[in-house]
Amino acid sequence: MSANSSDPVERLLAAVTAAARQMAGDQSVTPALDPSPRPEMGDYSTNAAMMLAKPLGRAPREIAADLATAIEAELGSSLEKAEIAGPGFINLFLGDAWYREAAASMAAGGSAAVAPVGEPERIIVEFVSANPTGPLTAASGRHAAYGDALSKLLRATGNDITTEYYVNDGGTQVENFAASIAARMNGEEPPEDGYKGTYVNELAERARSEGHDPADLERLARTGVEWMVEGIRGSLENFGVSMDDFFSERSLYEDNLVDRGIERMREAGHVFDEEGAVWLRTTDFGDDKDRVLIRSSGEVTYFGADVAYHVDKIERGNERLIDVLGADHHGYVARMAAAMEALEGGKAEFEAQIMQLIHLVEGGERTKMSKRAGDIVTLDELTQDIGVDAARWFLLQRSHNQTIDLDLDLARSQSSENPVYYVQYAHARIQSILRKAAEADGGDPGDPLAAPADPSEKALVSKLLAFPAEVHEAAEKRAPHRICAYASEVAAAFHAFYRDCLVVGAEGDGVEAARIQLCEATAGTIRQSLGLLGITAPDRM
RNA sequence: GCCCCCGUAGCUCAGCUGGAUAGAGCGCCGGCCUUCUAAGCCGGAUGUCGCAGGUUCGAAUCCUGCCGGGGGUGCCA
């Protein structure tokens, strides 16, 4: 981020920062520059003077006076005036020249450009990873929407991203799964802790027609999981999520990665044997108790396999491992972080993002979802009900850290009132204007564009200029829901502009052309915002 | 017991690495289509930011303690 940046807001911030640093004699000062909350407070305001009050030992407003003079000198003619307000804010009022240039800066890329982060990382994002013993649920859909949007945000800010689904195709739950299919093939009820959903009947039917032997549980397990993964992949693709990889737990054993991982931890001195089991001393790294890697029966625990999987992620060159986990796995975080520290300390950052629960509400009651009982609303059913766009918006608009109630009745009956339509409508409206503009014969393309003059027009420009900062903040905070809020604000700013400013046929030199360009930038910004969320931007509604 | 999430308008929630008069949607009341899409816009009402202390020039935001709701806490996955 420098004064040479093509981002007009970055340039403003650079000027403010330079002035503040010179006055403080301290290069570490990082003042904030924010859009002003109200028009009478100018276009942007900075808290720089207040930040300097303590180190300089002077009153904030006094500093602000000097700083304002310095900022005026830095910015020259693009600044109309700088006012000191409140406890020491400096409010910047920008002139036509700045606005004209700012509007033009968005023309090339279709929106304000998102600069890559200073130090891009190679990141692997693991999400969903639901057991392949049943179809994806609506809750998995929340994970899918979040993980996908987060990956897109991190990619948009310049990082190298891999997305991955860990397939738990080993272990007892798969045995239960196979036993359940076999039971149905034999016309029996699944075992007590088996899977009772109707999809199991369908799998049994298919197994029978393809000549499977219900007694061959191993083959049944492998095939059943294969079919399930196939279905899961399809559900995800239908939902607009394409995983880079599906990583098989079983392959860890086949490739001998589990033994190797445990051996390495043993060499590092963090493994011990007790009561016939093999343990990892995670308490040395902040966990509240030590964890078993290999049971006394000789079986590797889920944790043991998962550690080996994470080791593999690091060995593939990833610098940061992000796991998107359900709230019911939060107890798992400390031990995995401990394991990563024990094994590969400092080599890669392990980061867990914990998703809070989603409750489906139907008929005013919360639906209990149990995969084993087969009492679930699947992701496929959800998207059929309310559509992919509405589902993704619904699942993403709240912080992933927040428990949400998804009211199915509401989502169905009021789908036209879903906020996603508000944003999509703005986009469709713009496309309509642009179609109209294309029909009408525009002015001379060589004419200079008018500077945005109307308050709604200027407000829209500055809202669009905030796009890069919003994307960076959403990425850094792992908070795609901020993009939902931002997209809504862009749509609102556009609707206000639409109300106040005629586009096609606007009077004045270069006004129509400037407004068409602004419409294009708005459409581009909405399209990109929705794109980060995996939501379409329709041209007509 | 210990750990995690939450408590902000009637409802659902943003805002939380401290900043100006705390916001949005829904709902409620009242307006706006012979100009580019009324799935829109404008106006109005509604708040002890759970409670109590503390830090600070400044706290919804940071710290401590409490209260209330939800979830977790296995040689399950």
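The sequence lines fix the lettering, A, B, ..., with proteins before strands; numbering per chain opens at 1.
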### Query
RNA chain B in dot-bracket, Watson-Crick or G-U pairs under 3.5 Å, [ ] crossing, | other strand?
(((((((..((((.....[...)))).(((((.......))))).....(((((..]....))))))))))))....

### Message
Strictly by salt bridge (Lys or Arg N to Asp or Glu O under 4.0 Å), give each pair with a member in residues 322-338 of chain A just once, sequence neighbours left out.
### Response
A:K313-A:D323

### Query
Looking for any heavy atom pair under 4.0 Å, which part of the strands does A:Y332 touch: base, sugar-phosphate only, or nothing?
base

### Query
With A:R398, which residues qualify under side chain to side chain donor-acceptor pair (under 3.5 Å), at least two apart?
none

## Note on the structure
Contact string for nucleotides 11-18 of chain B, one letter per nucleotide 5' to 3', B = base within protein heavy-atom range under 4.0 Å, S = sugar-phosphate only, - = neither, reads -BSSSS--

Restricting to nitrogen or oxygen on both sides, can you table the protein-nucleotides 34-36 of chain B pairs closer than 3.5 Å?
residue, atom, partner, partner atom, Å
B:C36, O2, A:V504, N, 3.0
B:C36, N3, A:V503, N, 2.9
B:C36, N4, A:Y498, O, 3.0
B:C36, N4, A:C501, O, 2.5

### Results of salt bridge (charged side-chain N to carboxylate O under 4.0 Å, His left out) for A:D509 - residues two or more places apart only
none

### Query
Counting any heavy atom closer than 4.0 Å, what does A:H495 reach on the DNA or RNA strands: base, sugar-phosphate only, or nothing?
sugar-phosphate

### Task
Sort and list the pairs that fulfil salt bridge (Lys or Arg N to Asp or Glu O under 4.0 Å) and have at least one residue in residues 164-180 of chain A, not counting sequence neighbours.
A:E164-A:R316

## Note on the structure
Residue pairs passing the salt bridge (Lys or Arg N to Asp or Glu O under 4.0 Å) test with at least one member in residues 483-495 of chain A, sequence neighbours excluded, are A:K463-A:E489

### Set of salt bridge (charged side-chain N to carboxylate O under 4.0 Å, His left out) partners for A:R295, sequence neighbours left out
A:E299

### A:R291 bridged to A:D288 by N-O distance under 4.0 Å
yes

### Task
Quick one: list whatever passes salt bridge (charged side-chain N to carboxylate O under 4.0 Å, His left out) with A:R38, sequence neighbours left out.
A:E40

### Task
Report the residues that fulfil salt bridge (charged side-chain N to carboxylate O under 4.0 Å, His left out) with A:R320, sequence neighbours left out, ordered by chain and then residue number.
A:E121, A:E351

Nucleotide N/O of nucleotides 54-63 of chain B paired with protein N/O under 3.5 Å:
none

